[in-house]
There are 4 protein chains.
Amino acid sequence: MTAMAQEEGNAPRGRPRSAASRQAVLQAAYAILIEEGLGGFSVEAVAARAGVARTTIYRWWPTKGLLAFDSFREAFGAQLVFARTDAPAADLRALVRSLARALAGPAGRLAASVMAQAQSDPEVQKLFLEQFSLPLRRHSAGVLKAGIAAGVFRSDLKVERLLDALVGAVYLRLMFGLPLDAAWADALAETLLGGCMA
Amino acid sequence: MTAMAQEEGNAPRGRPRSAASRQAVLQAAYAILIEEGLGGFSVEAVAARAGVARTTIYRWWPTKGLLAFDSFREAFGAQLVFARTDAPAADLRALVRSLARALAGPAGRLAASVMAQAQSDPEVQKLFLEQFSLPLRRHSAGVLKAGIAAGVFRSDLKVERLLDALVGAVYLRLMFGLPLDAAWADALAETLLGGCMA
Amino acid sequence: MTAMAQEEGNAPRGRPRSAASRQAVLQAAYAILIEEGLGGFSVEAVAARAGVARTTIYRWWPTKGLLAFDSFREAFGAQLVFARTDAPAADLRALVRSLARALAGPAGRLAASVMAQAQSDPEVQKLFLEQFSLPLRRHSAGVLKAGIAAGVFRSDLKVERLLDALVGAVYLRLMFGLPLDAAWADALAETLLGGCMA
Amino acid sequence: MTAMAQEEGNAPRGRPRSAASRQAVLQAAYAILIEEGLGGFSVEAVAARAGVARTTIYRWWPTKGLLAFDSFREAFGAQLVFARTDAPAADLRALVRSLARALAGPAGRLAASVMAQAQSDPEVQKLFLEQFSLPLRRHSAGVLKAGIAAGVFRSDLKVERLLDALVGAVYLRLMFGLPLDAAWADALAETLLGGCMA
DNA sequence: CAGTAACCGAGACGGTACGTCTAGTCTTGAT
DNA sequence: ATCAAGACTAGACGTACCGTCTCGGTTACTG
């Protein structure tokens with residue numbers, strides 16, 4: 001490890017970054033976004049809640065948006081684990097349910113906040129897309145393509161467009177503050193599955 | 001005439017509201033949101049650009065979000081006119097295209113800005129939903145239900161879920177800054193139509 | 001009266017000035033200055049308390065200072081009536097007592113307010129001096145000169161300087177918020193009288 | 001040194017206060033009060049003239065009145081140095097002259113402004129009284145008492161009342177915008193001295 | 001083991017925008 | 001002509017945050 005670091009030429013000099021501070025900041029950001037929403041989310045408030053100097057935040061997170069995104073990533077982590085069985089239709093249903101369930105909780109508020117921030121910060125937009133949305137889509141696309149390969153889904157299915165519809169529906173409700181329950185998720189899955197079958 | 005005014009109990013007293021100021025404010029808000037985005041959208045900036053006193057804005061628009069929404073409504077107006085022929089599938093395709101085309105232009109940036117504001121202002125969220133989103137959905141639902149009645153779409157089609165998917169897909173791309181061109185709209189429509197036919 | 005007015009060429013046309021409004025404004029100004037002090041004294045507050053339109057105040061009183069002065073004059077009126085007996089020393093004592101007693105009450109707060117306004121409005125300064133201070137001094141000077149003529153006060157007494165001292169002492173305590181009781185007034189009179197006697 | 005600091009418990013943390021800013025603010029306040037008077041004296045104007053952020057002013061001076069007073073104190077400083085010889089009458093004359101000369105200049109306008117502010121801010125009233133007026137009076141009282149002890153002034157002289165008259169006369173002319181020249185000061189001193197001699 | 005590099009806390013600084021308050025002016029309809 | 005009502009321009013108020021800066025102190029690795 002050390003060798004690798006040295007190979008990269010970044011022998012870590014000086015006092016190392018405080019892991020405690022980092023955690024405190026991310027958790028404070030999380031708590032504020034959940035409890036007070038975007039309105040109460042300021043560097044000042046996060047610093048105060050984390051018991052950390054404001055400068056420490058500015059040293060590591062150049063903008064509020066990136067702090068929010070980091071907090072979201074930390075909290076959301078890899079909550080989404082999609083099984084891939086040999087029943088593609090069921091897999092798709094499980095996928096929609098899983099996404100809806102995850103975003104129905106506090107992570108949903110975080111995601112919505114990050115999306116809002118993204119509207120005034122292209123960097124956040126790009127990060128959220130590349131580091132969160134795309135990986136999820138890649139995995140989901142895999143499920144769909146497997147279904148096509150297995151002959152369960154029709155061969156001319158436009159995978160990307162179906163995912164636009166599927167993911168978009170979830171986000172739409174998220175951002176309008178409408179409930180994301182399992183019944184809704186199942187109904188959505190069923191409706192979309194209709195056009196997928198071979 | 002006087003009788004009517006008295007019936008309504010609103011004998012208009014005092015200096016009447018300036019229509020010129022109202023227009024100037026809404027246009028300035030529009031211009032700033034388009035040219036500079038949410039970041040540059042402040043009451044201060046709108047007032048300066050409109051050549052209007054800041055207090056005049058506060059008198060009529062209690063929050064920035066409502067100003068943005070009003071500006072969006074004023075600018076977007078009734079751009080969406082959906083024909084309803086006796087070819088439901090074509091109608092649906094036209095509907096998706098129309099929505100995509102409308103939101104591909106400057107109105108899209110406005111809509112995204114309002115959605116962002118809605119994340120920190122439930123009033124905006126409610127207004128946008130009720131005054132913009134729902135009316136559109138009601139009309140679209142009509143198209144779909146006509147198709148069901150005509151026997152073109154399957155009778156157990158979940159209209160609301162299909163609209164979630166359709167509208168959600170558009171918004172998703174809008175908020176990620178991805179292009180909303182006609183090709184994409186057609187592909188989406190085709191994909192979703194697959195599950196609709198009887 | 002009307003004949004005279006016509007002789008002066010100002011036949012009063014249009015709606016005559018409302019005496020009720022004038023009184024209401026002056027009393028409201030008085031009440032606010034007494035109850036809330038200079039800080040709460042705004043045209044807005046006076047209008048609200050008087051139940052009068054703001055424009056009505058601006059029509060008749062060009063500045064806040066003049067309104068305050070008018071209110072002071074109305075309320076203070078001719079409270080000071082100095083007897084002039086054949087005992088000049090006693091007259092002087094009575095004069096000091098009378099001035100102190102008058103300014104110890106609410107009129108004192110008004111006077112102090114007007115003095116404060118005068119520091120940012122020369123017109124008020126001039127009015128207060130000419131319409132309130134000088135008449136009082138003229139009368140007081142009469143008392144003193146009578147004393148000199150009677151041979152009670154020394155003939156080279158500088159009347160104006162003595163009045164500077166006498167009136168100044170009262171105002172000083174007024175503006176520092178120190179009490180203006182009879183004992184103080186008597187002590188002052190006695191101290192100053194010492195240098196007056198022949 | 002460190003020990004002393006710890007004893008005082010004031011280990012100075014954070015960026016130290018900028019002496020340059022402090023000076024710039026006080027001088028700007030001074031200049032504005034002299035050149036434009038109370039009317040032009042706003043935190044905004046002071047900040048602009050000082051080339052300092054408005055927030056920096058609010059950080060250190062809670063109200064306009066205290067800023068004015070601080071500016072007065074800084075500018076007026078210890079201009080008044082009263083000699084105390086063995087000729088009490090001459091000392092008193094010098095004292096009156098000195099006070100009049102000092103307040104005839106720009107410091108007089110500052111003092112009048114502070115007095116005006118004091119009418120709507122008891123804190124300013126108290127500060128001005130305790131930190132400026134009383135010290136001056138204590139010194140003046142010393143001169144008078146020395147005169148009494150030396151048998152030059154009459155033993156029953158009411159020192160405090162004489163000072164009321166003396167200082168009051170000066171302030172009265174100051175606040176009415178009347179000139180405070182040496183001739184006037186001498187005449188006042190002579191008039192008041194009459195009642196002091198043994 | 002001293003030096004030094006990067007961290008952390010505290011807090012002042014120049015700014016921007018907020019939302020409110022007040023000053024004056026202007027424009028109505030009504031008296 | 002005056003009044004009540006109320007919209008308008010203008011600008012200061014005091015507050016909240018922003019992002020930068022300058023301190024004193026605190027860890028680490030390094031010569």
Side-chain angles (χ1 to χ4, degrees), chain A residues 2 11-18 20-22 40-48 51-60 62-64, chain B residues 2 5 11-22 40-48 51-60 62-64, chain C residues 11-18 20-22 40-47 50-60 62-64, chain D residues 2 5 11-22 40-48 50-60 62-64:
Chain A
T2 305
R13 302 226 299 171
R15 179 176 174 175
R17 177 171 182 184
S18 156
S21 285
R22 180 176 174 278
F41 181 66
S42 67
V43 174
E44 201 122 316
V46 173
V52 147
R54 232 145 34 81
T55 37
T56 301
I57 296 184
Y58 282 115
R59 202 188 321 274
W60 301 108
T63 67
K64 278 206 301 180
Chain B
T2 305
R13 301 222 290 176
R15 178 175 175 174
R17 177 171 182 184
S18 158
S21 285
R22 182 176 173 276
F41 182 66
S42 67
V43 174
E44 201 122 316
V46 172
V52 147
R54 228 145 38 81
T55 40
T56 299
I57 297 184
Y58 283 115
R59 200 191 319 280
W60 301 108
T63 67
K64 278 204 303 179
Chain C
R13 305 222 298 171
R15 176 175 178 174
R17 178 170 182 187
S18 157
S21 286
R22 181 175 173 278
F41 182 66
S42 67
V43 174
E44 201 124 314
V46 172
V52 146
R54 235 144 33 81
T55 37
T56 300
I57 296 185
Y58 282 115
R59 201 189 320 275
W60 302 107
T63 67
K64 277 205 303 178
Chain D
T2 305
R13 302 221 289 175
R15 179 175 173 176
R17 177 170 182 186
S18 158
S21 285
R22 182 177 172 277
F41 182 65
S42 67
V43 173
E44 200 123 316
V46 172
V52 147
R54 225 147 42 81
T55 40
T56 299
I57 297 186
Y58 284 114
R59 201 188 320 277
W60 301 108
T63 67
K64 277 204 301 178

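Letters A, B, ... mirror the listed sequences (proteins, then strands); counts begin at 1.
A cation-pi contact links Arg17(A) to Trp60(A), judged by a cut-off of 6.0 Å to the six-membered ring centre and 45° from its axis.
Closest non-hydrogen pair, Val43(A) versus Ile57(A), comes out as O-CD1, 3.9 Å. A pairwise comparison of heavy atoms in Ser42(B) and Lys64(B) identifies CA-CD, 4.2 Å as the closest pair. Of all the heavy atoms in Ala45(C) and Gly40(C), the pair that sits closest is CB-O, 3.6 Å. A pairwise comparison of heavy atoms in Ser18(B) and Ser21(B) identifies OG-N, 3.0 Å as the closest pair.
Between Val52(B) and Val52(C), the residue whose closest nucleotide on DNA chain F is further toward the 5' end is Val52(C).
Applying the side chain to side chain contact (heavy atoms under 4.5 Å, CB included) test to Ala53(C) and every residue at least two apart in sequence or in another chain returns Thr55(C), Thr56(C).
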Enumerate all atom pairs, one protein N or O and one N or O from nucleotides 5-7 of chain E, separated by less than 3.5 Å.
from	atom 1	to	atom 2	distance (Å)
dA6(E)	N3	Arg15(A)	N	3.4
dC7(E)	O4'	Arg15(A)	O	3.4
dC7(E)	O2	Arg15(A)	NH1	3.2

Nucleic acid footprint by protein, nucleotides 17-23 of chain E - heavy-atom cut-off 4.0 Å, B for base, S for sugar-phosphate alone: BSBBBSS
